[in-house]
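The structure appears right after this line, and notes come after that.
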Amino acid sequence: MNWNILHKYLQGTCSEEELQALGDWLRDDPANEDFFSSFVEEWSTESTVDFEEDARAEWIRFQENTFQPQPGLEREYALNHSNARGRVNGKPYESVNRQRRRGRAYWIYSAAAAVLLVAALVFVVQQFNAESTLEQQQQITYQEINTVKGQRTSLKLSDGSSVVLNASSTLRIPQDYGRETRTLYLEGEAFFEVEHDENNPFVVISHQTYTKDLGTAFNVTAYDSTQVEVAVEEGLVSLGKMEEGTPQKEIVEITPNKLGILKEVGGLTVSDIKNMDQYTGWTRGRLVFNSTPFPEVLDRLERWYDIECIIEGDAEELSDRTLTATYDNMPMSEVLKVLSISMDVSYSRQGRTIIFTKGNDLGEYEQVNTN
């Protein structure tokens with residue numbers, strides 16, 4: 001017999017297949033039953049296995065009500081066994097032994113079923129409690145602030161902290177913000193200037209990542225659900241992961257002029273920031289690019305100006321190009337003209353759609369399609 005199955009039986013964790021294997025083994029040889037009985041009795045007196053309190057109480061009650069020998073069975077067995085001594089193959093011994101085996105097998109299956117039942121009941125209670133907690137969380141109301149492409153907004157929180165919300169972003173503020181916790185939920189990008197409260201940390205949750213303020217000003221970028229970027233301008237923040245809605249152990253603390261990037265695949269990287277404007281300049285109307293890949297440049301232009309950008313022709317070659325530039329409160333038409341020269345591209349407009357192609361048409365930077 002597999003010792004692991006015996007141990008799991010005593011723990012109440014056997015599967016149906018393992019219970020079947022145990023039953024087959026017990027039926028194979030009466031000696032197996034004797035060994036198993038001694039094994040269980042020894043374990044019952046010396047075991048230190050812990051059950052949850054409710055499960056243990058149910059198990060004890062089941063033992064008291066079920067694990068009682070059938071009336072007269074032990075006496076009948078003793079008499080017949082005594083009379084059958086020396087006739088191992090005789091019928092009296094065989095008959096009583098069958099009855100004994102049937103009784104033991106019944107108790108074994110009953111015990112296993114009881115353990116599984118108690119475990120199932122405990123699981124149901126735990127699930128009920130978890131669902132109740134989730135329902136309570138869902139009952140919390142939120143103030144939701146949304147921005148669309150081309151829109152940015154600023155707000156002041158009840159604790160004096162301030163937030164600048166970038167385009168195409170959503171910020172959710174719980175109704176009880178500031179009472180027991182200061183937790184916000186962000187999708188998109190926002191810059192935070194936080195009033196420090198040592199007893200009530202400021203936490204921003206984005207996708208499966210949280211950022212906890214330790215008295216600071218920082219920027220969180222979370223447009224992409226697979227990664228979160230945190231740029232620290234002042235003070236100190238810690239970065240960590242969320243699991244099933246609960247913050248886990250902090251992974252790293254990020255100091256000023258550092259960028260932390262936590263990816264779903266690839267883990268955490270922390271690097272120096274040479275130009276903080278690249279991450280916070282947008283709060284002052286500045287678009288700052290530093291060796292930024294062309295597709296990422298277009299993503300930011302789409303959100304900034306509420307446009308759609310398309311690359312036609314040799315898209316792969318254009319995607320490999322990078323841009324280093326600063327556009328300080330410039331209108332879209334001027335940015336497109338400068339961009340076409342810097343990136344050696346041509347563009348045409350069809351309403352709110354900008355189409356880029358390889359090569360620059362000197363002398364005419366913007367072709368307006370009126371069709």
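Source: prediction; values computed, not measured.
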Step by step, would you call Y347 with E312 a side-chain contact (heavy atoms from CB on, under 4.5 Å)? CA-CA 10 Å; Y347 67 91; E312 288 188 348; over 6 Å; no
Would N219 and E233 count as having a side-chain donor-acceptor pair, cut-off 3.5 Å? no
Can you find a heavy atom in the side chain of Y279 that is under 4.5 Å from one in the side chain of F191? no
Side-chain H-bond candidate by donor/acceptor type, E189 with T221, under 3.5 Å: yes
Minimal non-hydrogen separation, E253 against L236, with atom names: OE1-CD2, 3.6 Å
Classify the angle between the aromatic ring planes of F202 and Y177 as parallel (below 30°), tilted (30 to 60°) or perpendicular (above 60°). perpendicular
Would you mind telling me which of L186, L165, N146, T147 makes a side-chain contact (heavy atoms from CB on, under 4.5 Å) with T170? N146
Inspect the surroundings of CD in E144 and state if more than 12 heavy atoms from other residues, nucleotides or ligands are less than 6.0 Å away. yes
Is there a side-chain contact (heavy atoms from CB on, under 4.5 Å) between D277 and T326? Walk through the geometry before answering. CA-CA 9 Å; D277 261 2; T326 298; over 6 Å; no
Do M330 and V345 belong to the same hydrophobic cluster, where Ile, Leu, Val, Met, Phe, Trp and Tyr are linked whenever their side-chain heavy atoms lie under 4.5 Å apart, directly or via other members? yes
Starting from the C-alpha separation in whole Å, work towards a yes-or-no answer on side-chain contact (heavy atoms from CB on, under 4.5 Å) for L301 and L287. CA-CA 9 Å; L301 292 180; L287 279 173; 3.9 Å; yes
Answer yes or no for R321 and F294: cation-pi contact, defined as NZ/CZ to six-membered ring centre under 6.0 Å and angle to ring axis within 45°. no
Side chains of F356 and L298 in contact at under 4.5 Å (non-hydrogen atoms): yes
When you look at D159 and D197, which way does the side-chain contact (heavy atoms from CB on, under 4.5 Å) test go after all the steps? CA-CA 9 Å; D159 63 348; D197 184 347; over 6 Å; no
Does K149 NZ have over 12 foreign heavy atoms under 6.0 Å away? yes
Locate the shortest heavy-atom distance separating S319 from P295; write the atom from each residue and the value. O-CD, 3.5 Å
Do you know which two heavy atoms are closest between D213 and V237, and how far apart they sit? CA-CG1, 4.2 Å
Please check if L339 and I354 belong to a single hydrophobic cluster, counting links between Ile, Leu, Val, Met, Phe, Trp and Tyr side chain heavy atoms closer than 4.5 Å. yes
